[in-house]
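Order of listing sets the numbers, starting from 1, for every ligand and every atom in it. The figures here come from the full heavy-atom set of this structure, side chains too, leaving out hydrogens, waters and symmetry mates.
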Amino acid sequence: VNDIANTIAAGLLARLRAALGPKGFVDDAGAMAPHLKDWRGLYQGTAPVLLLPGSTDEVAAAVRICAEAGVGVVPQGGNTGLVGAAVPRAGRGEVVLNLKRMNSVRLIDAADYTMTAEAGCVLADLQKAAADADRLFPLSLGAEGSCQIGGNLSTNAGGINVLRYGNARELVLGLEVVLPDGQVWNGLRRLRKDNTGYGLKHLFIGAEGTLGIITAAVLRLFPLPRETATAFAALRDLDAAIELLSIVRAGSGDAVSSFELVPRMAVDLCLRHLPGIADPLARRHSWYALIEFAGTAADGRTAAALEASLAEAMERGVVADAAIAQSQDQARKIWRIREELPEAQVRAGANIKHDVSVPVSKVPAFIKRADAALLSLVPGAETLAFGHIGDGNVHYNLCPPPGADLVAFMAKTEAVGKIVFDIAAEMDGSFSAEHGIGQLRRQALLKYRSPLEVEMMRSLKRALDPKGLMNPGKVL
Ligand SMILES: Cc1cc2nc3c(=O)[nH]c(=O)nc-3n(C[C@H](O)[C@H](O)[C@H](O)COP(=O)(O)OP(=O)(O)OC[C@H]3O[C@@H](n4cnc5c(N)ncnc54)[C@H](O)[C@@H]3O)c2cc1C
């Protein structure tokens with residue numbers, strides 16, 4: 001039996017090599033290694049080969065060959081996902097198909113405010129390409145130097161500009177997708193209005209590669225901001241975050257591009273673990289908001305609006321102190337605290353992570369309830385709650401008590417998660433706000449989504465991928 005299996009596998013690999021050529025077929029163990037484990041180091045998989053197709057036709061050919069052989073395909077972008085969705089499982093013979101060679105911008109149409117890009121374009125490169133055409137592509141997140149637009153769309157990524165511009169889903173007009181049987185769907189329409197039946201593109205956005213492989217997308221662009229104003233504001237207390245959000249939304253004419261919650265512990269972690277970070281304020285406070293306004297006119301009005309909003313917030317006792325960046329360089333330094341916090345956390349050591357959302361106004365109550373519940377479960381532990389509070393999204397992490405036995409602490413991951421997710425669910429929230437399901441949250445999906453929702457998802461999966469070969473073992 002082994003001989004027959006080996007012969008079939010060898011035949012499959014030979015066909016893939018012939019279809020993709022030497023640039024597209026990598027079986028060197030060293031070159032494959034970074035593609036087999038996830039960014040957080042939670043999952044280590046195996047694969048017979050790493051495929052690097054250079055065109056949509058090559059993706060289609062590879063998928064067709066794998067479908068005929070009954071072999072699973074794991075689409076992969078920058079492999080920065082946080083739920084183990086982009087790596088193969090161990091010992092299942094799944095091939096990894098990474099899109100990085102498909103990195104051309106096919107078209108930027110400034111008048112249409114659209115950009116058509118291949119799936120393997122790195123997000124930061126797309127932001128730059130848009131800016132070079134005097135346009136903004138607003139998707140922005142900590143991993144933007146390595147994540148790919150195909151991965152961003154497949155995870156419906158959020159990031160720091162959702163408040164103003166929406167999630168990745170809101171930034172897509174059209175898609176090109178290779179379906180699980182190798183057919184190519186060309187839905188690269190550049191239309192703002194197109195009510196012609198079911199919104200098929202939405203099936204693939206946020207599907208984590210389980211319904212097909214995105215090979216290109218038409219993305220929405222916006223006027224390039226000429227002026228941004230950034231502040232780091234110390235809050236009276238946690239509840240003040242929601243009051244401040246209302247003040248700045250009104251004061252800016254709803255031009256708040258970011259509103260991030262930063263706890264004191266985050267500042268301390270960055271000061272301790274990252275070189276060149278400075279505390280933006282002289283005195284310590286428990287909670288801060290990092291606020292950014294963006295305006296399309298370079299006339300000083302954006303900065304003035306931010307200053308006026310903060311003055312009002314101080315007068316009303318919502319904000320205790322604030323630093324407004326006086327230069328791009330100062331703004332960048334403030335942003336480092338938020339953007340490099342995940343890196344500081346990695347250096348600080350193990351912690352138990354969650355990415356939840358609740359209605360925006362309930363974020364402070366959620367944090368207080370979860371803090372109380374967890375600190376009674378793990379006395380002496382510290383919670384680190386930060387993130388995109390303007391979207392009701394909290395990265396809610398539990399750090400071990402000083403000197404704790406880390407293995408015993410991490411063994412509580414499931415019990416801790418149950419408490420956090422139950423509280424989020426009771427507050428009409430979600431157990432996964434922007435990171436998705438992958439391998440990590442499959443059980444939670446079954447528990448917190450209704451049986452009807454899960455069955456609808458299974459029906460869609462069966463309809464598009466009846467053999468279950470597209471990113472098997474992820475999401476459902
Ligand atoms: C430091 C850091 C900060 C982060 N900040 C944020 C944040 O603020 N907001 C946020 O939402 N996420 C954040 N993330 C998570 C991650 O960066 C995003 O999920 C990102 O969108 C993943 O893109 P990627 O190219 O790395 O995808 P990958 O990790 O490679 O893949 C993610 C999923 O998409 C699938 N996939 C990839 N490419 C394709 C394709 N072309 N077609 C079909 N399926 C595909 C994969 O199979 C997998 O299921 C962060 C991660 C890190 C490490």
Side-chain angles (χ1 to χ4, degrees), residues 34-41 43 45 53 56 59 63 72-89 94-103 117-126 139-162 166-169 171 175-180 203-217 258 260 338-346 353 355 357 386-388 391 393-395 432-441 465 470-475:
H35 297 272
L36 302 179
K37 65 171 194 290
D38 71 310
W39 192 85
R40 288 173 65 187
Y43 298 96
T56 302
V59 175
V63 169
V73 178
V74 181
Q76 187 179 72
N79 198 14
T80 67
L82 301 174
V83 290
V87 289
R89 296 170 299 170
E94 297 155 4
V95 307
V96 178
L97 189 150
N98 188 298
L99 280 295
K100 67 180 164 191
R101 280 182 63 221
M102 290 187 61
N103 60 358
E118 291 183 344
C121 291
V122 170
L123 176 55
D125 295 341
L126 289 184
L139 189 65
S140 178
L141 45 126
E144 64 197 22
S146 39
C147 61
Q148 300 173 7
I149 190 67
N152 301 142
L153 301 184
S154 300
T155 56
N156 186 25
I160 54 173
N161 285 332
V162 174
N167 291 293
R169 184 183 300 285
L171 303 175
L175 285 185
E176 179 185 83
V177 179
V178 173
L179 300 177
L203 290 179
F204 301 97
I205 301 170
E208 301 181 43
T210 59
L211 299 179
I213 301 184
I214 297 174
T215 46
S258 301
E260 298 284 309
R338 171 62 189 86
E339 288 189 335
E340 295 178 31
L341 180 56
E343 185 57 42
Q345 280 185 276
V346 170
K353 292 184 192 301
D355 164 47
S357 63
F386 66 97
H388 317 298
D391 316 313
N393 181 190
V394 190
H395 298 319
S432 188
E434 56 176 17
H435 294 165
I437 305 296
Q439 302 186 63
L440 186 65
R441 300 290 181 220
D465 183 19
M470 199 44 82
N471 211 2
K474 315 293 166 54
V475 182

Compute the shortest N/O to N/O distance between H395 and ligand 1 and return yes if it is under 3.5 Å, no if not.
no
Is the closest N or O pair between G78 and ligand 1 shorter than 3.5 Å?
yes
When the ring planes of H435 and H395 are compared, do they come out parallel, tilted or perpendicular, using 30° and 60° as the limits?
parallel
Quick one: do E260 and R338 make a salt bridge, cutoff under 4.0 Å?
yes
For atom 32 (C) of ligand 1, what's the nearest protein heavy atom and its distance?
T155 CG2, 3.5 Å
Which residue and atom name correspond to the protein heavy atom nearest atom 52 (C) of ligand 1, and how close is it?
A143 CB, 3.7 Å
Heavy-atom nearest neighbour of atom 38 (N) of ligand 1 within options P75, G145, G151
G151
N161 side chain vs S140 backbone, donor-acceptor pair below 3.5 Å
no
Does even one non-hydrogen atom of V74 get within less than 4.0 Å of ligand 1?
no
If you measure every N or O of T80 against every N or O of ligand 1, does any of those distances drop under 3.5 Å?
yes
Run the numbers for me: atoms of ligand 1, each under 4.0 Å from some heavy atom of A157, listed by number.
11 (O), 21 (O)
If you look at every heavy atom in V87 and N79, which pair is closest and at what distance?
CG1-OD1, 3.8 Å
By number and element, which atoms of ligand 1 are closer than 4.0 Å to a non-hydrogen atom of G209?
43 (C), 44 (N)
Backbone N/O of A86 and side chain of Q76: donor-acceptor pair under 3.5 Å
yes
OG1/T155 to CZ/R169 distance, rounded to the nearest 0.5 angstrom?
10.5 Å
Could an N or O of ligand 1 be found under 3.5 Å from any N or O of A119, whether backbone or side chain?
no
Are any of the N/O atoms in C147 less than 3.5 Å from those in ligand 1?
no
Would you check if the side chain of N471 reaches a backbone N or O of V74 as a donor-acceptor pair within less than 3.5 Å?
no
Looking only at atom types and distance, does a side-chain atom of N152 sit under 3.5 Å from a main-chain N or O of A157, one as donor and one as acceptor?
no
What about N156: any of its N or O atoms under 3.5 Å from an N or O on ligand 1?
no
Subset of ligand 1 atoms that lie under 4.0 Å from at least one heavy atom of S154:
34 (O), 35 (C), 36 (N), 39 (C), 40 (C), 42 (N), 43 (C), 44 (N), 45 (C)
Quick one: does L82 get an N or O within less than 3.5 Å of an N or O on ligand 1?
no
Minimum side-chain heavy-atom gap Q439-D38 below 4.5 Å:
no
Contact (N/O only, under 3.5 Å) between G212 and ligand 1
no
Under a 3.5 Å distance rule, please check whether E208 uses its side chain to pair with a backbone N or O of G438 as donor and acceptor.
yes
W39 N/O under 3.5 Å from ligand 1 N/O
no
Which of these, P342, G436, A207, has its nearest heavy atom closest to atom 1 (C) of ligand 1?
P342
Ligand 1 contacted by H388 (non-hydrogen, < 4.0 Å)
yes
